[in-house]
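Working notes, structure below.
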Amino acid sequence: MKKGIFITMEGPEGAGKTTILEMLYEHYIEKGIKIVKTREPGGIRISEKIREIILNPDHTEMDGRTEALLYAAARRQHLVEKVIPALEEGAVVLSDRFIDSSLAYQGYARGIGIEEIWKINEFAIGEVMPDLTLYFDLDPEAGLARINKSNNREINRLDLEQLDFHQRVQEGYYKVIDKFPERLHKIEASQGVEDVFEQSLRAIDAILNR
C-alpha cells in the first residue's frame with residue numbers, strides 16, 4: 001500500500017520545471033524530508049535507454065503511436081522499479097513528467113486522442129496516480145526562446161517540432177487540467193524563478209501538511 005506522496009511536474013518545452021524540481025529537492029533535503037527525484041522518460045536504466053530512442057533527433061520518422069507506446073513502456077518500468085518502491089517506503093517522489101505529458105503531447109498534439117492515450121497508460125500504470133501535479137504554463141514561443149539561449153539543455157527530437165505543435169501541446173495541457181482539475185495546480189512560469197519556486201513550495205506544503 002502506498003505510504004508516500006507522489007508529486008509530478010509538467011509543462012511545455014522550456015517552462016523551467018526541471019530547474020524548479022532541483023530547487024524543491026534541495027529544499028526538502030535540507031528540511032530532512034525523505035525525498036526521491038526522478039524523471040520521465042528515464043529514471044532507471046531501461047527507461048533511460050528508451051529515452052535515448054524516443055528523443056534522438058535522428059529518429060524523425062517515428063510514428064506517433066510508436067512514440068506513445070514507448071513512453072508507456074518506459075513509464076511502466078520506471079514505476080515498478082523506482083517510484084512504487086520509494087512510495088512504499090514513505091518517501092516523497094518528485095518526478096519531472098508523468099502521464100499528463102503523454103495525454104498532452106501524444107494524445108492531443110499528435111492527434112491520437114486523449115482518451116486513447118489514457119487507455120494505453122491505464123494499462124501501464126495500474127492505479128498509481130500523482131497526489132499533486134504542478135503544471136508550469138508558458139507561451140510556447142517564450143519556451144523555445146529559452147531553450148535556444150540555454151547552453152546546458154539537451155536539444156531533443158521534440159524541440160525540433162514546429163511552433164504549431166508546441167501550441168497544440170499547451171492546448172492539450174489545458175484539456176488535461178479540465179479532466180483532472182482537483183489534481184493539477186497551474187503556475188504561471190513567465191514569472192521570476194523565485195516566485196515560481198515559492199508558489200510551487202506552497203502547493204506541495206499544503207499536501208505534505210494534510
Side-chain angles (χ1 to χ4, degrees), residues 8-18 21 38-43 46-79 83 95-126 128-130 133-148 150 153-181 183-187 189:
T8 58
M9 306 180 75
E10 296 282 355
E13 306 302 317
K17 58 186 173 42
T18 306
L21 186 148
T38 191
R39 70 174 183 176
E40 280 203 355
I46 291 174
S47 297
E48 288 290 340
K49 292 291 185 183
I50 298 174
R51 178 188 181 91
E52 292 172 13
I53 295 170
I54 295 172
L55 298 182
N56 189 325
D58 293 334
H59 297 166
T60 54
E61 75 274 22
M62 187 178 294
D63 176 74
R65 293 191 183 203
T66 301
E67 183 180 83
L69 290 165
L70 285 171
Y71 273 116
R75 181 163 297 132
R76 177 63 189 174
Q77 189 64 28
H78 178 232
L79 270 181
V83 175
S95 181
D96 188 341
R97 298 199 183 279
F98 190 58
I99 188 173
D100 301 308
S101 287
S102 290
L103 299 178
Y105 279 78
Q106 287 76 51
Y108 191 83
R110 294 277 187 229
I112 297 173
I114 288 177
E115 290 305 317
E116 284 74 11
I117 296 299
W118 172 252
K119 290 173 185 175
I120 292 170
N121 280 274
E122 263 192 315
F123 176 73
I125 68 175
V128 180
M129 282 292 283
T133 298
L134 301 180
Y135 167 65
F136 300 95
D137 193 37
L138 185 67
D139 178 79
E141 289 186 84
L144 294 175
R146 283 183 180 180
I147 291 170
N148 291 332
S150 176
R153 189 188 187 282
E154 63 176 355
I155 300 299
N156 63 54
R157 186 171 59 86
L158 296 178
D159 296 330
L160 303 179
E161 293 283 354
Q162 297 298 313
L163 177 61
D164 65 334
F165 173 80
H166 295 285
Q167 290 169 335
R168 291 196 302 274
V169 168
Q170 185 182 43
E171 292 170 7
Y173 272 119
Y174 293 160
K175 297 288 186 183
V176 175
I177 291 172
D178 289 340
K179 185 176 178 67
F180 301 107
R183 175 172 59 82
L184 277 97
H185 183 87
K186 182 180 174 183
I187 296 174

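Positions are given from 1 along the sequence.
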Atom pair [atom1]/[atom2] of [X] and [Y] - distance to nearest 0.5 Å:
X    : Y    : atom1 : atom2 : answer
L70  : Q106 : CG    : CD    : 9.5 Å
E10  : H185 : CD    : NE2   : 14.5 Å
L144 : L163 : CG    : CG    : 6.5 Å
H166 : I147 : NE2   : CD1   : 7.0 Å
M9   : S101 : CE    : OG    : 12.0 Å
I177 : L184 : CD1   : CG    : 5.5 Å

Sequence neighbours excluded, every pair satisfying salt bridge (Lys or Arg N to Asp or Glu O under 4.0 Å) that has a member inside residues 133-148: D137-K186
Full working for salt bridge (Lys or Arg N to Asp or Glu O under 4.0 Å) between E115 and K175: CA-CA 11 Å; E115 290 305 317; K175 297 288 186 183; over 6 Å; no
Heavy-atom closest contact ([X] atom, [Y] atom, distance):
X    : Y    : result
A15  : A189 : O-CB, 3.5 Å
E61  : D58  : OE1-O, 3.5 Å
A109 : F165 : CB-CE1, 3.5 Å
G43  : T38  : CA-OG1, 3.3 Å
G172 : A104 : C-CB, 3.9 Å
Q170 : L138 : NE2-O, 3.2 Å

Check: P41 main-chain N/O paired with R51 side-chain donor or acceptor under 3.5 Å: yes
Main-chain N/O of I53 paired with H59 side-chain donor or acceptor, under 3.5 Å: yes
Within the 4.5 Å heavy-atom criterion, are [X] and [Y] side-chain neighbours or not?
X    : Y    : value
Y135 : V176 : no
R39  : L21  : no
E116 : R65  : no

Parallel, tilted or perpendicular, as decided by the 30° and 60° cut-offs, for the rings of Y173 and Y105: perpendicular
Pair T8, T133: side-chain N/O donor-acceptor within cut-off below 3.5 Å: yes
Any donor-acceptor N or O pair under 3.5 Å, side chains E40, S47: no
Set of residues satisfying salt bridge (Lys or Arg N to Asp or Glu O under 4.0 Å) with respect to R157, sequence neighbours excluded: E67
Sequence-distant partners of E122, salt bridge (Lys or Arg N to Asp or Glu O under 4.0 Å), two or more places apart: none
Salt-bridge contact R110-E161 (side-chain N to carboxylate O under 4.0 Å): yes
Cation over ring face, R75 and F98, 6.0 Å, 45°: yes
Sole residue of I112, I99, L69, I125 in side chain to side chain contact (heavy atoms under 4.5 Å, CB included) with I120: L69
Verdict with supporting geometry, I50 and Q77, side chain to side chain contact (heavy atoms under 4.5 Å, CB included): CA-CA 10 Å; I50 298 174; Q77 189 64 28; 5.9 Å; no
